[in-house]
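For the numbers below, each heavy atom of this structure counts, side chains included, while hydrogens, waters and symmetry mates do not.
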Amino acid sequence: MPVDASFGDGDGDVEADLVYDVVVNHEEQYSIWPVGRPAPAGWTTVGVRGTKSQVLDHIERVWSDITPLSVRQAAARAPRR
């Protein structure tokens, strides 16, 4: 089975060799995606790139409310009791 050269150097430590982009969707949900691969439909890169640890640290700092945007907006429109 051929090795995909875009995923590591073949030494068995594939994840350590990857560089990731931080991506976000229309609901302001964050994820990571391997550099060099097109972001999935509905996801946009945010300009932060690094090792898995680095990008996950970034997401932890910026994604303080994991509630999807549409739910936050609906809650803001709901009458207060």
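Each of I59, T44, L56 was checked for a side chain to side chain contact (heavy atoms under 4.5 Å, CB included) with V22, and the lone residue meeting it is I59.
By the 4.5 Å heavy-atom criterion applied to side chains, E28 and R72 are counted as neighbours. When side chains are defined from C-beta on, K52 counts as touching I32, because their heavy atoms get closer than 4.5 Å. Using a 4.5 Å heavy-atom cutoff, the side chains of R49 and V35 are in contact.
Here the shortest heavy-atom pairing between A39 and V23 reads CB-CG1, 4.3 Å. Taking every heavy atom of both residues into account, E27 and S70 meet most closely at OE1-N, 2.7 Å.
Put simply, V48 and I66 are part of the same group of oily side chains (I, L, V, M, F, W, Y) that touch within less than 4.5 Å, one to the next.
Screening residues 18-61 for ring pair (Phe, Tyr, Trp, His ring centres under 6.0 Å) gives Y30-W63 as the qualifying pairs, with residues at least two apart or on separate chains.
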